[in-house]
Amino acid sequence: MSSQTQVLVEEKSSVRILTLNRPKQLNALCFDMISRLLQLFLAYEEDPSVKLVILKGQGRAFCAGGDVPPVVRDIKQGKWRLGADFFTDEYTLNYVLATNSKPQVSILNGIVMGGGAGLSIHGRFRVATENSVFAMPETELGLFPDVGASYFLSRLPGFFGEYVGLTGARLDGAEMLACGLATHFVPSTRLTALEADLFRISSSDPTFVSTILDAYNQKPDLKQHSAYHRIDVIDRCFSKRTVEEIVSALEREATQEPNDWISTIIGALKKASPASLKIALRSIREGRFQGVGQCLIREYRMGCRAILIDKDRSPKWNPCRLEEMKDSMVEKYFKRVEEEEGWEDLKLPQRKNLHFLAISKL
C-alpha cells in the first residue's frame, strides 16, 4: 500500500480529516505513514485555509503503535541508521503535534497503544469512547515507554503515570478521561454527529472546537474494579524511589488487603524486563522536570542506545533480576552516544511561538 492509501485525506471546508488505514495491522505506523503525517501536519500549519485537523483510525483501532518488526529486521542486518531514521521522523512528528498552532481532534474509538499515544496525546483534544483501550505495554516487550511518554505520563495525577508506564495496564475510555489522557468522552453512536458539527468550524481558535466537544461530552462512571478507585494505593506504592521498593510496597499492600488487582500488578512487574522497568522509571521521573522537546531528545538517545547495546531485541531478559540491573547500567542509556560513527542526537525543527504552544495539554 502507498502512503496515500495508508493515510486517507478528506477535505470538509476548513477541516481536514486524516484516517489511518491499515485496519488489519491495527493501524500500526510504518515509516511511510509517519513521513506522510509529518508532511501533512506541517503543510496544514502553513495553510491559512485549514482551521482544524481530525485524526482517526479505520477499524477497531485508532493506532496500536509503531510497526516495529521491519525496524528490528533492519537493525539485525546491521542497518541501524534505518532504525534511527524511523525514530527521527516519529519523534519529530510527536514534537510537531505537541507544538502545533492548529487544533487537532483525535477520535480514539478503539485501541491506542505506544506510537498511537504519541499521535494523539500530544494533540490538544482527545475524544475517548466506550471502545477505547489505552496502554503503554513496552516494559513487557523489553522496551520503554517512548514517543514523549515520559512527558505525558509524568503529568498524570499523582503517580498514576508510573503505574501505567511500568505495568502496561490497560485503561478504558472512562479511566482515560478521569486521568486526563482523554479530554472528552463521547459514545461511539454520537461520533458521526460530532464530526458533522466539527466540519462547520471556520476558525483555528481552540475555544470554538472546545465548545462543540463540550456539548457532546459525557462523564461515564468508572467501573467498580477500576484502578482509578485505588489511586491512594498507587500513589503510596509507585511514589517509591526504586522499582524494588515499588514491588516491596505492593507486596506489603497485598498482605494487608489481599486482592486480585494487586496480585495482577505484582505479576506484571515480575514478568517485565528488569532493565526496561528501571529505565522507564528513571525516564518518567526525569520527564517531570523537562519540556516535551527535551523528553523526546532524551528518549531518542535512549532508544538508539537500546538499538546499539541490545542489537537483537532478545526477550531473554538480561539481566533477569531487578537487583542485577545496577544504576550504572541504567545510566548508560541516558548518555550521549559518542562511540558510533555518524551518530547524532535528535535535532527537532524550529517552531514559531514555541513558549505559547508547547504547554502540557493534560
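Starting from 1, each residue takes its place in the sequence as its number.
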Residues [X] and [Y] bridged, charged N to O under 4.0 Å:
X      : Y      : value
Glu46  : Lys102 : no
Arg336 : Glu344 : no
Glu253 : Arg236 : yes

Are [Y] and [X] co-members of a hydrophobic cluster defined by side-chain heavy atoms under 4.5 Å apart?
X      : Y      : value
Leu296 : Leu156 : yes
Leu26  : Val112 : no
Val127 : Ile212 : yes
Phe334 : Met325 : yes
Phe41  : Tyr91  : yes

Given Ser150, which partner from the list Gln290, Glu299, Gln294 fulfils the side chain to side chain donor-acceptor pair (under 3.5 Å) test? Glu299
Judged by atom type as modelled, is there a donor-acceptor pair below 3.5 Å linking the side chain of [X] to the main-chain atoms of [Y]?
X      : Y      : value
Lys12  : Ile17  : no
Asn217 : Phe185 : yes
Asn21  : Thr5   : yes
Thr167 : Ala169 : yes
Arg301 : Ile297 : no
Asn27  : Gln25  : no
Arg155 : Gly287 : yes
Thr139 : Leu277 : no
His122 : Val147 : yes

Mind checking salt bridge (Lys or Arg N to Asp or Glu O under 4.0 Å) for [X] and listing every partner two or more places apart, or none if nothing turns up?
X      : result
Arg282 : Glu286, Glu331
Glu162 : Arg285, Arg288
Lys335 : none
Arg200 : Asp197

If I take atom CG from residue Leu198 and atom CD1 from residue Ile107, how far apart are they, to the nearest 0.5 angstrom? 6.5 Å
Let me confirm one number: the CD1-CZ distance from Ile34 to Phe87, rounded to the nearest 0.5 Å. 8.5 Å
Pairs satisfying ring pair (Phe, Tyr, Trp, His ring centres under 6.0 Å), at least one member in residues 211-255, at least two apart: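 Of all non-adjacent pairs touching residues 211-255, those that pass ring pair (Phe, Tyr, Trp, His ring centres under 6.0 Å) are Phe160-Tyr228, Tyr163-Phe238.
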Here the ring pair (Phe, Tyr, Trp, His ring centres under 6.0 Å) pairs for residues 243-301, sequence neighbours left out, are Tyr300-Trp343
Is there a donor-acceptor contact under 3.5 Å linking the side chains of [X] and [Y]?
X      : Y      : result
Thr207 : Asp205 : yes
Glu140 : Ser273 : no
Thr99  : Arg351 : yes

side-chain contact (heavy atoms from CB on, under 4.5 Å) between Arg126 and Leu181, worked out: CA-CA 7 Å; Arg126 290 94 58 191; Leu181 286 167; 5.6 Å; no
Apply side-chain contact (heavy atoms from CB on, under 4.5 Å) to [X] and list each qualifying residue two or more places apart in sequence or on a separate chain.
X      : result
Ala149 : Met136, Pro145, Phe152, Leu153
Thr264 : none
Ala249 : Cys237, Lys240, Arg252
Ser35  : Phe31, Asp89

Applying salt bridge (charged side-chain N to carboxylate O under 4.0 Å, His left out), run through Asp67 and Arg22 and close with a yes or a no. CA-CA 11 Å; Asp67 192 2; Arg22 294 180 80 204; 3.3 Å; yes
Please name the pair of heavy atoms, one in [X] and one in [Y], separated by the smallest distance, quoted to 0.1 Å.
X      : Y      : result
Leu222 : Ala178 : CD2-CB, 4.2 Å
Thr242 : Leu281 : C-CD2, 3.8 Å
Ser204 : Pro103 : O-CD, 3.3 Å
Tyr95  : Gly293 : CE1-CA, 3.7 Å
Leu119 : Gln104 : O-NE2, 2.9 Å
Leu40  : Leu18  : CD1-CD2, 3.9 Å

Flag yes if more than 12 heavy atoms outside [X] fall under 6.0 Å of its [atom1] atom; otherwise flag no.
X      : atom1 : result
Phe208 : CZ    : no
Asp232 : CG    : yes
Asp214 : CG    : yes
Arg170 : CZ    : no

Side chain to side chain donor-acceptor pair (under 3.5 Å) assessment of Asn109 paired with Thr129: CA-CA 5 Å; Asn109 187 34; Thr129 76; 2.6 Å; yes
Pair up each side-chain donor or acceptor in residues 48-66 with any protein partner under 3.5 Å, not counting sequence neighbours, and list the distances.
| residue | atom | partner | partner atom | Å |
| --- | --- | --- | --- | --- |
| Ser49 | OG | Asp47 | OD1 | 2.7 |
| Ser49 | OG | Asp47 | OD2 | 3.3 |
| Lys51 | NZ | Pro48 | O | 2.8 |
| Lys56 | NZ | Glu195 | OE1 | 2.9 |
| Lys56 | NZ | Glu195 | OE2 | 3.3 |

For Ser283, check side chain to side chain donor-acceptor pair (under 3.5 Å) against everything at least two apart and list the hits. Arg298
Show, in sequence, the C-alpha distance, side-chain angles and deciding distance for Thr92 and Leu346, and conclude whether the side-chain contact (heavy atoms from CB on, under 4.5 Å) test is met. CA-CA 8 Å; Thr92 301; Leu346 178 65; 4.1 Å; yes
Please evaluate residues Val247 and Lys270 with respect to the criterion side-chain contact (heavy atoms from CB on, under 4.5 Å), reporting the C-alpha separation (whole Å), side-chain torsions for both, the decisive distance (0.1 Å), and the verdict. CA-CA 9 Å; Val247 173; Lys270 291 190 171 177; 4.1 Å; yes
Might you work through the side chain to side chain donor-acceptor pair (under 3.5 Å) test for Glu138 and Ser276, ending with a clear yes or no? CA-CA 8 Å; Glu138 286 80 5; Ser276 294; over 6 Å; no
